[in-house]
Amino acid sequence: MSLNYPNQVTSLTVIDFEFSTDGGSVSPISYVARVQDFDSIDRKPAYIYGWKPKVGSMEPYGTGDKDLLVTFFGEAEYWLMSHLGWKLPKNHFDCYVENKNLFNGLLPKKPNSIWGLANTIKRFKIETDHKEDDKSDLRVRLGTGDFKESEKDDILRYNKADVVATYKLYHELLDVIREDPTIEDKDLYFRQALLRGRQVAAIGKMINTGLPVDRANVVNIKNNLEKITEHFITKANKDLRVWDGTRLSMDKFKKLLEREKLLPLWPTTPTGAVKTDKKTLEKFEDNNKIFQFQTVQSFRRATKLNDFPLQKNAPRASCYISMFNNITARAGPATSKYMLNMSGAFRPLIQANEGWTIIERDWEQQEFLIGAVLSGDEAMLDAYMSGDPYLSLGIQAGSIPKNATKDHPKRGIFKTVCLQLQYGSGTQAIADRLRCTYEEADLFVSMHKRIFSKFWQWSNDVVNHALASWKLETKFGWQYQLEFGAEPRGPLQEEGFSLNTLRNWPCQSAGCEMLRLALMYASEEGLEVVATVHDCLIIHAPIKSAEIADKLLIHCMDRASKDIIGVKCRTELKKYDHPMKFEPKDPRHYEIYMQMMEVSNGFA
């Protein structure tokens, strides 16, 4: 029998680990588990203390149908539990995730530490036995393994304080659920929380497995990164003339934008300075000069590769995925640690183990299909079923001939319009992306609104519903709330909420939920999931059984799609048998990778 509501719990365990990381390897230092058996005569909690637990040791919690494990940021705990080889529990409640869900939209977006345990227990006025410097000193030292055996009692004291705080927080969150009038079915919410707990378990297991990489070349590039950066700056400066030595000159960068006729389109900071952040550069990377500049900037940021999370004893990389990171619950892994978030030039460093293959499956036009189904727009659904919704839109708009193929030059325009509108972009942002006038972009947006009118009516209804109820929610209970009395912000305002965010939220959140379900199904089916990226899953399988593994992956992704929107979303396969390298999306990145290798090996 499954666990349906809190009162059914027969054994409740709250667990917390203290651990250190060395690259992508994790070393458990201690754990404390608060175990309470409600079926026993003596229902008093017992505390179990573990010091430097070994792989193969016994887990301190129950794994039965009515046993519940409670954590705070279960990604970390499940990484440790998987590392130790413990049997994973059937039921899991992650207080970090549920705290974010219950207050998503009501607390400031930054800093991220606002969602941490220390700030959360302050907000709930939970009293603990923490010392003032526990989080600032002891936790930091434990993370690097900088502690002494003589500190054992103090470490266990700190470890227990986190467990007690998490136990109290669990009950505070249950009270919030019970008292929230917008949560109509309290038991349903609890079951959905346990579903998210299963997803967190799959994430922790995936992190422990790690992404297979070409270890030798990762180390080679890390050791030669300064030389590589100098090489690309020297080479790029001949064309771009924006650096004084290795220092970027903002005046010279502005002159480059003027030469490329990009300055009028280029985003600026509130103080008027031109932006050079990753997102801004990505918008203009179709320009070869900007792509060249972006490449050098990525290497300058990549000095953080010094702590790239390689596992000690395996050609794998492991780091937090930070699922449920933003308001739509997307992941937010560190760019400096998660190779799939780095510059595409680093992607060829991903490589299957000998005798194995990497299988990457993407959902095709996932957000387009989600929008079509949620809105009930038959024209939009027909466009998806045609096999190419962007081409279909262009044909229906009369801008592309009926017999055109994917190679038609205007297809890219309609793809950009569709994607940008799904991301919540306005007309001006689309004009900037297309390098066209506002009037031309407005015409393309009008075509989309005319042809997919039912989608736009639904989109307006979503906004109206959010403004009336102050809340949006996915099928499986991830929610976003507006603070009572908040106002939508204008074009130049920073305070308030964005109406485009409200339009965009249902499709983005449904896509996130679909990905997490597919990851959970794949993990529970025994597939070796090694990474997720936006709308795709990546698994690692023996070449001999790759076909079977791929069919099982398709089944898991189809199941998740049908769970969320009732229909299958098409998937696309990419496969990399050892010794093939993972393929960057942009072929220019592979050229950069080859140059990196030449510099690292002393051939340039």
Side-chain angles (χ1 to χ4, degrees), residues 19-27 75-76 79-80 82-83 112 140 142-146 203-204 206-233 246 277-278 294-323 325 331-353 358 360 528-534 538 540 576 578-579 581-585 589-590 592-601:
F19 59 96
S20 64
T21 56
D22 182 358
S25 294
V26 67
S27 299
E75 244 183 66
W79 183 1
L80 271 295
S82 298
H83 166 78
N112 272 340
V140 173
L142 289 172
T144 60
D146 181 20
I203 294 162
M206 177 179 72
I207 295 170
N208 182 63
T209 300
L211 182 67
V213 295
D214 179 351
R215 185 185 184 89
N217 279 330
V218 169
V219 172
N220 194 11
I221 288 175
K222 280 178 63 175
N223 292 340
N224 290 281
L225 201 59
E226 187 174 338
K227 186 165 57 170
I228 291 169
T229 304
E230 288 178 6
H231 166 83
F232 279 101
I233 287 180
T246 59
D277 60 286
K278 183 182 175 184
Q294 180 192 35
T295 298
V296 175
Q297 290 297 94
S298 71
F299 285 123
R300 291 164 69 89
R301 286 191 293 266
T303 53
K304 295 178 182 177
L305 267 178
N306 291 329
D307 63 351
F308 182 74
L310 275 176
Q311 293 184 11
K312 277 185 180 179
N313 302 315
R316 303 271 183 151
S318 293
C319 71
Y320 290 132
I321 304 301
S322 297
M323 196 67 80
N325 181 67
T335 302
S336 63
K337 294 189 175 186
Y338 195 56
M339 192 166 281
L340 288 158
N341 269 21
M342 295 180 181
S343 163
F346 293 103
R347 286 197 171 201
L349 292 170
I350 301 170
Q351 184 183 51
N353 294 347
I358 290 174
E360 177 188 15
E528 187 179 296
V529 186
V530 295
T532 65
V533 188
H534 192 67
I538 300 173
H540 191 226
Y576 307 94
H578 180 90
K581 305 288 188 182
F582 203 81
E583 190 177 282
K585 292 182 178 179
H589 280 132
Y590 194 79
I592 294 167
Y593 167 76
M594 294 305 295
Q595 290 180 51
M596 282 196 297
M597 298 312 302
E598 289 176 4
V599 175
S600 298
N601 294 322

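Computed over heavy atoms, backbone and side chain alike; hydrogens, waters and symmetry mates excluded. Quantities reported herein were computed from a predicted structural model and do not represent experimental measurements.
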Does [X] use its side chain to pair, donor to acceptor, with the backbone of [Y] at less than 3.5 Å?
X: Asn220; Y: Ala216; answer: no
X: Arg347; Y: Met339; answer: no
X: Gln351; Y: Pro579; answer: yes

What is the minimum heavy-atom distance between [X] and [Y], and which atoms define it?
X: Pro212; Y: His540; value: CG-CD2, 3.9 Å
X: Ser322; Y: Pro333; value: CB-N, 4.4 Å
X: Lys278; Y: Thr335; value: NZ-CG2, 3.8 Å
X: Asn353; Y: His578; value: O-CB, 3.3 Å
X: Lys337; Y: Phe308; value: O-CE1, 3.5 Å
X: Asp214; Y: Lys581; value: OD2-NZ, 2.5 Å

Query - Working for side chain to side chain contact (heavy atoms under 4.5 Å, CB included), residues Leu211 and Ile350 - result: CA-CA 7 Å; Leu211 182 67; Ile350 301 170; 3.8 Å; yes

Can you tell me how far [atom2] of [Y] sits from [atom1] of [X], rounded to the nearest 0.5 angstrom?
X: Arg215; Y: Asn217; atom1: CZ; atom2: CG; result: 12.5 Å
X: Ile228; Y: Ile233; atom1: CD1; atom2: CD1; result: 12.0 Å
X: His589; Y: Tyr593; atom1: NE2; atom2: OH; result: 14.5 Å
X: Met596; Y: Ile221; atom1: CE; atom2: CD1; result: 4.0 Å
X: Ile592; Y: Ser343; atom1: CD1; atom2: OG; result: 6.0 Å
X: Ile207; Y: Leu80; atom1: CD1; atom2: CG; result: 10.5 Å

Residues in ring pair (Phe, Tyr, Trp, His ring centres under 6.0 Å) with [X], at least two apart?
X: His83; value: none
X: Tyr576; value: Phe582
X: Tyr338; value: none

Any heavy-atom pair between the side chains of [Y] and [X] that's under 4.5 Å?
X: Ile538; Y: Val529; value: no
X: Leu310; Y: Val213; value: yes
X: Ser27; Y: Phe19; value: no

Query raised in the report: Got a sec, which residues hit side-chain hydrogen bond (donor to acceptor under 3.5 Å, both in side chains) with Ser318, two or more places apart in sequence or on another chain?
Result: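 Result, side-chain hydrogen bond (donor to acceptor under 3.5 Å, both in side chains) vs Ser318: Gln311.
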
Query raised in the report: Looking at Ser25, Ser336, Cys319, which one forms a side chain to side chain contact (heavy atoms under 4.5 Å, CB included) with Pro309?
Result: Cys319

Query raised in the report: What pairs with Lys312 under salt bridge (charged side-chain N to carboxylate O under 4.0 Å, His left out), at least two apart in sequence or on another chain?
Result: Asp22

Query raised in the report: Sequence neighbours excluded, which residues qualify as salt bridge (charged side-chain N to carboxylate O under 4.0 Å, His left out) partners of Arg316?
Result: Glu528

